[in-house]
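First the structure, in the form of structure tokens, and then the observations on it.
Proteins get letters first, then strands, A, B, ... in listed order; numbering begins at 1 in each.
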Amino acid sequence: MDNKQFIADVAKKANRPVDDINNLVIGITECFRESCLAGNSVAVPGFGSFTPLKNDEQIVTDHTTGKKLLLPPEITLTFRSSSVLRKKITPAQ
Amino acid sequence: MNNIMPLPALSASVATAVNCTEQEAEELIRIFFSSLSETLAQGHNVKIKGLGSFTVIDDDVRFMPDTGLADAVNLPFAAFEAVELPDDFDMESSMNIVNNGDPDTTDETTPTSGALESLSEAEEAIDTQHDLSGNQDIPMPVAIEATDVDTTTETESHNAETAPELSTDTPSDYDNIPYSDTTLNESPTQESRSNPRWFIAAAAIACILCFGAGYFLGHTIGASAPDREIAPSRLTLSQDRQLQATESALPASSTESDSTKMYESITNEVAQQIQSEKSTATITDTIGRTRFLTTMSRQHYGRMEFWVYIYEENASKLGNPNNLSAGTIVIIPPAEKYGIDANNPASVAKAVQRGKEIYAQFN
């Protein structure tokens, strides 16, 4: 399901205009960004939690070329689904 | 820091963006994620512009943040990029200088995987009490602090952001770049402990061999040197008579040169025996953070392309060549066994082709 279709679906359920739902997504994204920069997680009850995770720098070697690359550290936004969400998904599989 | 932002806090942030009350924002958030859950439960993947994509894989949901959000989250390290290291870069010395991913010195601005577990436990407790349908009251989540954060390194966190550490070989999962030690499960202390053990075992074996050779040599020389000179003053009468009897039993041609020749023959035999043992001895090597199959191949055979033969010799315990474990001891086969010749282009080409075949088995 693409973005447009999903936003329209949510707008219909919330009985709100599509612009409000788009602003909602922007607000959620901004909240995620600020929270992750502060090192905090965002937990959505019944859905899951979004957590920033730092990966340290590391050296990898390409066997085909023999070159060594130093990859810098990075912070990634990881998601962990809740048991409620997993229970919803499992019967559908 | 390392706290969980509860739903009311999220609602407060969203209310400003949507220009509504916090209660309305909270209701919108519930509907949003409820719709998302239902869509995922139907087996559909969802892509939300600005947030990311949610994909259902193996009864679980995988989230891939949008490029803009990922870059925003990685803002502290956005200025850095991958650097190609020179061939003569010494990883061991650099690892001795800097910290090697010790959890105690990890940057505490962001939670590590340990904190992730503690957060998930708290979240599980929250989920069991309610769902997004709003049938039950949602308790106020309690802010949880990660228990494995080292407060003594708080000042180091700022330095870590501005002056990143040098290379450390921490585990990674980069599928596009094949490398040998992806699963470095062993901690640096474990690997460093294994080296002294290996050295002690090798030293013990060498001592046993030297003792055995010395014993054999001494015993043989002693048994075959009946004309060894002994100070007469030390001999008793009975020993003197025995010596005379032994000397008389020797053939007439027994001279000092014969004993010398016998000694030389014995030493030659021992030397040949040791040499044969060396030639048949199995050469082994150990996979480490700085020692890959290509490294061993370059050292033993002169070119890294012949790593495939080291892999074939140890295929039963290596498995996927892109997923080798540090500490694994491998046997280095003799060059004659596989026709390895670094000066022969055909041999090199054959090794390269074999390498492609091996990778094809696991890709």
Next on the checklist: Measuring from atom CE of B:M64 to atom OG1 of A:T78, what distance do you get when rounded to the nearest 0.5 angstrom?
Outcome noted: 11.5 Å
Item to check | Spatial distance of atom CG (B:L36) from atom CZ (A:F6) [nearest 0.5 Å] | outcome: 4.5 Å
Item to check | B:F32-A:F47 aromatic ring centre distance below 6.0 Å | outcome: no
Checklist entry - How many angstroms lie between atom CG of A:N3 and atom OG of B:S53, to the nearest 0.5 angstrom? => result 11.5 Å
Checklist entry - Which answer fits B:E38, side chain, backbone, both or neither, if we ask what part of it has an atom under 4.5 Å from a heavy atom of chain A? => result side chain
Item to check | Part of A:I26 within contact of chain B (heavy atom distance under 4.5 Å) | outcome: neither
Checklist entry - What distance do A:K88 atom NZ and B:T39 atom OG1 have between them, rounded to the nearest 0.5 Å? => result 10.5 Å
Next on the checklist: For the interface with chain A, which of B:V83, B:D66, B:V352 has the highest count of heavy-atom pairs at distances below 4.5 Å?
Outcome noted: B:V83
Checklist entry - Which distance, rounded to the nearest 0.5 Å, do you find between the NZ of A:K13 and the CD1 of B:I31? => result 9.0 Å
Next on the checklist: Regarding A:S81 and B:D60, do their side chains bring together a donor and an acceptor under 3.5 Å, going by distance alone?
Outcome noted: yes
Item to check | Trace of the side chain to side chain contact (heavy atoms under 4.5 Å, CB included) decision for A:H63 with B:T294 | outcome: CA-CA 7 Å; A:H63 274 305; B:T294 51; 3.2 Å; yes
Checklist entry - Which heavy-atom pair separates A:E74 from B:N74 by the least distance, and what is that distance? => result CA-OD1, 3.2 Å
Next on the checklist: If I measure from the heavy atoms of chain B, does A:V42 come under 4.5 Å with its side chain, its backbone, both, or neither?
Outcome noted: both
Checklist entry - With side chains defined as the heavy atoms from C-beta onward, is the minimum distance between A:L69 and B:E84 less than 4.5 Å? => result yes
Next on the checklist: One pair to check against side chain to side chain contact (heavy atoms under 4.5 Å, CB included): B:F33 and A:I28. What are the steps and the verdict?
Outcome noted: CA-CA 11 Å; B:F33 284 102; A:I28 291 174; 4.1 Å; yes
Next on the checklist: Can you confirm whether B:K49 sits close enough to A:V25 that some side-chain heavy atom of one is under 4.5 Å from a side-chain heavy atom of the other?
Outcome noted: no
Checklist outcome for this item: Heavy atoms of A:I21 and B:L28 approach each other most closely as CD1-CD2, 4.2 Å
Checklist entry - Does the side chain of A:I89 come within less than 4.5 Å of B:V61's, by heavy atoms? => result yes
Item to check | Pairing of A:R16 and B:E27 as salt bridge, 4.0 angstrom limit | outcome: no
Item to check | A:T76 side chain reached by B:V73 side chain, heavy atoms, under 4.5 Å | outcome: no
Checklist entry - Roughly how far apart are A:D2 CG and B:H44 NE2, rounded to 0.5 Å? => result 12.0 Å
Next on the checklist: Quick check for you: among B:S35, B:G50, B:A15, which has the greatest number of heavy-atom pairs under 4.5 Å with chain A?
Outcome noted: B:S35
Next on the checklist: If I compare all heavy atoms of B:V14 with all of A:G27, which pair ends up nearest, and what's the gap?
Outcome noted: CG2-C, 4.1 Å
Item to check | A:P73 vs B:F77 side-chain heavy atoms within contact, under 4.5 Å | outcome: yes
